Amino acid sequence: MAPRALAATLDTLPTGSARHSSADAAPDSARLLDLYRMLSNVRQLDTSAVAWQRQGLIPGYAPMLGQEAAQVGAGAAVDKTSDFVFPTYREMGVAYAFGVNMVEYMSTHKAIWHGGLYDPVETHFAPFQAVVGGSVLHAVGWAHGQTLNAASTAGAGLGVGLAFLGDGASSQGDVHEAMNFAAILKAPVVFFVQNNGWAISVPTEQQVAGGSVAARAAGYGMPAVRVDGNDVLAVLEATKRAVAHARAGLGPVVVEAMTYRRGPHSTSDDPGRYRTLDDEKIDGGEDPLTRFRSELLARGVADAAFFAGVDAEAQRHADDIRDGVVALESRPGSEMFDFVFQESTPTLGAQARQWREESEHV
Amino acid sequence: MAPRALAATLDTLPTGSARHSSADAAPDSARLLDLYRMLSNVRQLDTSAVAWQRQGLIPGYAPMLGQEAAQVGAGAAVDKTSDFVFPTYREMGVAYAFGVNMVEYMSTHKAIWHGGLYDPVETHFAPFQAVVGGSVLHAVGWAHGQTLNAASTAGAGLGVGLAFLGDGASSQGDVHEAMNFAAILKAPVVFFVQNNGWAISVPTEQQVAGGSVAARAAGYGMPAVRVDGNDVLAVLEATKRAVAHARAGLGPVVVEAMTYRRGPHSTSDDPGRYRTLDDEKIDGGEDPLTRFRSELLARGVADAAFFAGVDAEAQRHADDIRDGVVALESRPGSEMFDFVFQESTPTLGAQARQWREESEHV
Amino acid sequence: MSDTLEFVTEAATIPLVQLSMQQAINRALAEILDADDRALVFGEDVGVLGGVFRVTDGLQQRFGANRVFDTPLAESGILGTAIGLAMAGFHPIPEVQFDGFAYPAVNQIITQLARMNYRSRGRLPMPVTLRVPSFGGIRAPEHHGESLESLFAHVPGLKVVSPANPQQAYHLLKHAASMPDPVIFMEPKARYWNKGEVNLADNEGSFLEGSVIARPGKHATLIAWGAMVSRCLQVAELAAEDGIELEVLDLRWLKPIDEAGLAASVSRTRRAIVVHEGPHTAGLGAEVAALVSQSCFDSLRAPVERVTGFDVPYPSGDLEDEYIPNIDRILFGVQRVLEYRRG
Amino acid sequence: MSDTLEFVTEAATIPLVQLSMQQAINRALAEILDADDRALVFGEDVGVLGGVFRVTDGLQQRFGANRVFDTPLAESGILGTAIGLAMAGFHPIPEVQFDGFAYPAVNQIITQLARMNYRSRGRLPMPVTLRVPSFGGIRAPEHHGESLESLFAHVPGLKVVSPANPQQAYHLLKHAASMPDPVIFMEPKARYWNKGEVNLADNEGSFLEGSVIARPGKHATLIAWGAMVSRCLQVAELAAEDGIELEVLDLRWLKPIDEAGLAASVSRTRRAIVVHEGPHTAGLGAEVAALVSQSCFDSLRAPVERVTGFDVPYPSGDLEDEYIPNIDRILFGVQRVLEYRRG
Ligand SMILES: Cc1ncc(C[n+]2csc(CCOP(=O)(O)OP(=O)(O)O)c2C)c(N)n1
Ligand SMILES: Cc1ncc(C[n+]2csc(CCOP(=O)(O)OP(=O)(O)O)c2C)c(N)n1
Ligand SMILES: [Mg+2]
Ligand SMILES: [Mg+2]
């Protein structure tokens, strides 16, 4: 079996269908180096977070090892000011590329607050989502809202909703409803599928009938791009084109990034029970960071010294984030009651008072 | 706009992929006359049921006017002994073609028993289903059960589940989950879609992104046939091929019968609020019964006298069924409690006793 | 916070009109759409058709297909889209066509709509008013007569209200749509066509909160909501002929429940019967009975009676009147609390 | 029908083994699959992996991928398929991976699984046992600590049970799987790893029905289920040091509820505290409190106390111990019922 990332690609997205200056321009060398910087930082942070869990600093974590190119490429393709990201529980790399405060992001893995402590409105990065497929419809609704807003404002291109989902999530009814709603509403949303080969222990072959989520798009009259998800430049380009298409009001697009979950599903998972190290080697293919390093060397825009410097910097950065995570304190129990409603109720107020009396003895 | 039934057809079902004696044989003239007999009876009964509602004999009814060819063709294509039909609330014509006792079938419309009084086990016709898309997954589970049974028995062809759904139902998440499960499990199930142009007041164009439910099948790696749903022979042939494919263990098939809901959604609906009579004329095309009459005349297997005789017979038959429906009595209130469980509970027993004391004063 | 209906008619020189509940809700929706350009109405058949009950009649014509639109046939899709629209700053007022078809949306309602404000630490409020034609009594097909109030009331993050008459329907819907939190608005479909007097003048907030005494009395309190309120009023009429004065408390808000209003009434009457259509076990009547049994422990002279639907699936039209609490069954419940003697 | 645990250990010369609840359930599943070739186990990751909690460990290897299989990631699909398999004569034992992920299946559970026997007038029974790892206490991500018992108990056509220890898990699961009706089997995931003595010998039916007295006492009855039973036993230990003898009633069957067992215990102790993890309003504690307040109206010396989760979304791990009834909060509840004086 060949590396999954190299699976036959599919591209039904009309090229140049939408004028998109940014997407047309191939990334210049500064941009290329910046992409590597992000990849290196994300890799470092992901590896560190796994270590934090082993050290007991955080109770659990969902590694994205191997998906760095897919996540950094996607995150780098959207506009922090006009677009909105709807992540799952594994989009640490997108959060990083999108500029989310990573200590606030990691707070969810420290069991401090389910949605994370970052501000979704300021960051345009929706709260951490633990329901598989749960937020895909939200992206469609949010995106349709941009269309409705545009009806009143000048047509300066639409804000785009970027919905993240996995191969497993594609089985959920909500994802079908989301794709159908989006196509009917012509909503500016991009369904970004990270097909990483696994849903916990279930391989894509037993999950996605037909073998490709991108191939489903045609059934909704939607364009789709299936791309090598371990090639950061390919992902960046494909996502930019998809976003430009949606931004131009031409409707939703599916991007399926073929990648591989090189690590366990989560720190409590044991992949040895359902796949061998050989499988991992063959299916995983070449490490996306190694690939991009070779690419940069080939292009002559970077050298070993650059990589060493960036990687060391990433290590320091991860250590700083660790300090921040260590310093994170639990939220007061009173916040259980504070955020249930915008306007609390007498019943809830009474429960909060009783909790204070019995648990805080005040 | 052209009649919907003549919409471009689609056929990805490998011909002869499965040996299917019955399906190969073109219907002989006896069979042709029998099909007309069914069409005539279904038309007559449907028209009568609408009248019964106006007369106050039944509180409501969901007419299938215009869908006779689709339903009779589908119903005639399956095997009463080995296969199982999973209807919606509008499959009166399938029930008739399948030999369900029509008085027992109509009991649901007399508000006597939601599922109908017919025996689903004996008739291989599942209870009347009021949840849109609600029973499609049941067909998949039942069909997979046939595969599991076959594992133990000799491979004499699999029982096939025939799931009925409408264009509107195709939007439900459950239908997506059903198609994906079926394709993954290679379950012997045929998804028979009656695309009748409307989901109450919502036209297919605002419902089915991409325009065709059959076109969705490819995304699951499933074959599909889109057929003129007002041509009873075309429907019969397409469904037979689909059933043969599934029976041979080659997996699920989607059949989309393009037809038209010529009547209101139900006797309480007022189509004048969302479509014009002209729309109905153009979109509806030629009456499926008229079409089949011409066909039989052209083939010279029937003449006006035959049609007159059959239609008169159908009228008498409908009257007999009406007598049966008139004679149907309400079920005793005690049955509210009798069928909740196979093994009742102390709580429910106490409620039943109290009901008897207070409502039957015994 | 309990208020008597007299309160309404007291105030003089205020615009009174006769409206059915269906008209009152339609009028409220029109006023909401008119006053709040972020408000959106959508669902199955709510646009061109104006809803299967005509509750949204004329709204699309008046406010356009951007503000009032039909969706594909998928309830989870409707709720999930509403959540995203709320995140984009809109005030969605979606409809699910019938109670029983809220079930496909339960995952989005419970895990998303009810929690987004909490999950986002108050940064993503969900000002969503979900209209659900509810309860039974219209001889409809299966799943068209369900009572989901106890399911919804149990969900942290939701508020739940059900109007008993046109006056309340008009004002409570406008109030719900003005709230920054998700509200499930349960419309007693069996009462859509009953006309009643509607006072269009704004009432101060207090009128919109808590329960109301639909009829004062002193021998026992009938506690009900939705379509059961008018039935309890009938029962009170009949009982009055025998000199039994029943108080009828219209709970209205099923979450939060007006605990003070319940306690005030029952501590006076010292006897209570809670009446609802939904199944008995773990129905909202259990919560009401538990609250009253606690708050009125000293004054109660008899156990709180629950006259409810049975623990059976909502039956077909012919058996509807056997399932829904009817006058006889409610009177038996009244008799039990009045005749109760400590053993 | 209430029974004491002594009953179990009384009987001599019967095979006793030490098992964790996870092992006990795994063993019960193996015996069910072995004895009933129509039984099927399926769900997400239950096959090769053996379940995220290893509850189905080794079953696929032993019984093959036709009897024990992984499904695509869709809970409604899992339940809908189970219903169809039951129609085909199988005995499905599906799993939803976590409580919070039963919500996407609620429509199939309520409108289909719970009603098919009724809709078909008894011709299409649904011998489906749905395993749901339930309740909180393991510091997991969002939606991994929910209590759905009041939602399920309210649904006509469902039976609901939750074991408190390995002995019950083993026998109740085998019993549930032998029933011709749908049973929701709620496994207290926080107790998966606690070992306990399991008596493998069959017990007569009576042992499998109704509630059990986990600890006898005379001053008040603590009513609990699932993981709260062991916590209430701790509380009883502590209270005993102060001479307060608390009876601990393990409800076990959440539908049907053992009304007789509840009445028998509380009419003796004359005081009751019901404890559960789920949110307070319309929680199953309301049903228990309503039943006890009625059946023990004359003997109760204090209002029934409810010590429960709050009406807030199940919080993140750090706040878990503030949300789930802890020993302090339960003791406060005990104190309230013991110190109550009629005003
Ligand atoms: C509705 C729902 N069902 C089940 C789960 C448990 N679960 C968490 S992640 C996961 C697998 C998801 O696979 P995929 O969508 O491919 O994303 P990946 O984990 O590969 O990133 C499962 C089954 C869940 N969180 N939500
Ligand atoms: C889950 C669900 N949602 C909504 C409804 C209300 N409803 C009944 S039929 C119908 C339209 C169905 O359209 P379609 O699937 O095309 O079937 P048709 O009526 O055209 O035969 C709707 C919305 C329902 N019965 N079930
Ligand atoms: Mg995956
Ligand atoms: Mg249709």
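If you're wondering where the values come from, they're calculated on a predicted model, not measured in any experiment.
Ranked by heavy-atom pairs shorter than 4.5 Å toward chain D, the options B/A350, B/G116, B/P120, B/A130 are led by B/P120. The residue among B/E177, B/H176, B/R331, B/M336 with the most heavy atom pairs within less than 4.5 Å of chain D is B/E177. Across B/T108, B/V140, B/D338, B/V131, the residue that shares the most heavy-atom pairs under 4.5 angstrom with chain D is B/V131. Top candidate by heavy-atom pairs under 4.5 Å with chain D, chosen from B/L137, B/L348, B/T347, is B/L137. Chain B forms the most heavy-atom pairs under 4.5 Å with one residue out of D/M179, D/R38, D/K159, and that residue is D/K159.
How far CZ of B/F341 is from CG of D/L158: 7.0 Å, rounded to the nearest 0.5 Å. Remark: B/H114 NE2 to D/S120 OG distance equals 14.5 Å, nearest 0.5 Å. For the atom pair OG (B/S135) and CD (D/Q108), the distance works out to 9.0 Å, reported to the nearest 0.5 Å. Distance check, rounded to the nearest 0.5 Å: CZ of B/F181 to OG1 of D/T81 gives 4.5 Å. Atom CD of D/Q112 sits about 4.0 Å away from atom NE2 of B/H138, to the nearest 0.5 Å.
With ring centers used as reference points, B/W113 lies under 6.0 Å from D/Y118. Checked against the 6.0 Å centroid threshold, D/F69 and B/H144 count as a close aromatic pair.
Contact annotation for D/R115: neither backbone nor side-chain heavy atoms come within less than 4.5 Å of a heavy atom of chain B. With a 4.5 angstrom heavy-atom cutoff, D/N107 touches chain B only via side-chain atoms. With a 4.5 Å cut-off on non-hydrogen atoms, D/M116 touches chain B through its side chain but not through its backbone. Heavy atoms closer than 4.5 Å to chain B are found nowhere in D/L79, neither backbone nor side chain. Neither the backbone nor the side chain of B/Y118 comes within less than 4.5 Å of any heavy atom of chain D. Interface remark: D/T111 contributes side-chain atoms only to the contact with chain B (heavy atom separation under 4.5 Å).
B/E335 and D/R121 are joined by a salt bridge, as a carboxylate oxygen and a charged side-chain nitrogen come within less than 4.0 angstrom of each other.
Although no hydrogens or angles enter the test, the distance criterion places a donor-acceptor pair under 3.5 Å between the side chain of D/N117 and the main chain of B/F339. At distances below 3.5 Å, not a single donor-acceptor pair connects side-chain atoms of B/N180 with backbone N or O atoms of D/P72. Remark: side-chain polar atoms of D/N66 are not paired, donor with acceptor, to backbone N or O of B/L148 under 3.5 angstrom.
Among all heavy-atom pairs drawn from B/F84 and D/M87, the shortest one is CE2-CE, 4.2 Å.
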